[in-house]
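Have a look at the structure below, then the notes.
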Amino acid sequence: MVDPWAAELYDLLDATRAANGLPALERQPALEDVAEGWSASMLASATLAHATDLPAQLPAGWTSAAENVGVTLGGDAASLHDAWLASPGHRANLLDAGLDAVGIGVARGGDGRVWVTVDLTGS
């Protein structure tokens, strides 16, 4: 079952891309597994960072890739999405016309923090 934050982020991402004349991204379970694994890793280490071995984890056939990560305490999925859109690099990842697939992973800490990874690929 997809975490409610992930479900909301998928919807927000599709709406943002549509508003910018881009097609929705294909949701891929293999990418979701990678994103969920990285969110769990960030939670376990209490460290916000990009996956250093992301290319090795991605399903075969990709030609480009990007990753957005975030953590929030007391916020919601929409505020995290808005923060990404306010950041030029994160926004560029979400609106890259060369990326066509996505997986979103969420890990929730006992302290209320929500760790999120968005992995995107293009083929």
Side-chain angles (χ1 to χ4, degrees):
M1 184 170 134
V2 174
D3 183 279
W5 267 55
E8 185 175 353
L9 286 169
Y10 279 126
D11 291 344
L12 289 166
L13 180 52
D14 285 347
T16 298
R17 287 178 62 90
N20 285 275
L22 297 169
L25 296 164
E26 177 188 343
R27 297 177 191 172
Q28 289 192 350
L31 282 176
E32 195 168 276
D33 290 345
V34 171
E36 287 176 355
W38 188 247
S39 291
S41 178
M42 289 190 298
L43 168 64
S45 68
T47 303
L48 182 65
H50 288 283
T52 56
D53 62 345
L54 180 64
Q57 296 181 52
L58 296 175
W62 62 276
T63 57
S64 59
E67 180 177 72
N68 285 1
V69 295
V71 61
T72 185
L73 178 61
D76 58 19
S79 61
L80 181 58
H81 179 75
D82 290 344
W84 282 332
L85 291 178
S87 162
H90 293 96
R91 179 182 183 84
N93 288 345
L94 298 177
L95 298 178
D96 186 332
L99 300 173
D100 55 18
V102 64
I104 299 175
V106 175
R108 297 173 177 275
D111 62 358
R113 287 190 176 132
V114 181
W115 300 83
V116 182
T117 304
V118 177
D119 286 326
L120 306 115
T121 61
S123 52

dist W62:CH2 -> L31:CG (nearest 0.5 Å) comes out at 11.0 Å
Here the pair of heavy atoms bringing W84 nearest to V116 is CH2-CG1, 3.8 Å
Applied to residues 103-119, the salt bridge (charged side-chain N to carboxylate O under 4.0 Å, His left out) test, sequence neighbours excluded, yields D3-R108, D111-R113
* Asked: Applying the 4.5 Å side-chain criterion to the ILVMFWY set and letting contacts propagate, would W38 and V114 be lumped into a single cluster?
  -> no
_Hydrogens and angles aside, do D82 and S79 bring a side-chain donor and acceptor to less than 3.5 Å of each other?_
no
Side chain to side chain donor-acceptor pair (under 3.5 Å) filter on Q57, not counting sequence neighbours, yields D53
d(Q28 CD, D100 CG) to nearest 0.5 Å is 7.5 Å
d(L95 CG, R17 CZ) to nearest 0.5 Å is 7.0 Å
Residues passing the side chain to side chain donor-acceptor pair (under 3.5 Å) test with S41, sequence neighbours excluded, are none
When rounded to the nearest 0.5 Å, the distance separating CG of L13 from CG of L25 is 5.0 Å
Value for CZ (R27) from CG (D14), rounded to nearest 0.5 Å, stands at 5.5 Å
Those residues at least two apart in sequence (or on a different chain) that pass side chain to side chain donor-acceptor pair (under 3.5 Å) with R91 are none
_Criterion side-chain contact (heavy atoms from CB on, under 4.5 Å) on T117 and S39, from CA distance to verdict_ = CA-CA 6 Å; T117 304; S39 291; 2.9 Å; yes
So CG of L48 and CE of M42: to nearest 0.5 Å the spacing works out to 6.0 Å
For E8, the side chain to side chain donor-acceptor pair (under 3.5 Å) test, sequence neighbours excluded, returns none
### Message
Do V118 and L85 sit in one hydrophobic cluster, given that two such residues count as connected whenever their side-chain heavy atoms are within less than 4.5 Å of each other, even indirectly?
### Response
yes
Applying salt bridge (charged side-chain N to carboxylate O under 4.0 Å, His left out) to D33 and not counting sequence neighbours gives none
Checking L22, N20, L12, N68 against L94 for side chain to side chain contact (heavy atoms under 4.5 Å, CB included), the one that qualifies is N68
Identify whether V69 and L120 are in the same connected component of the hydrophobic contact network (ILVMFWY, side-chain heavy atoms under 4.5 Å).
no
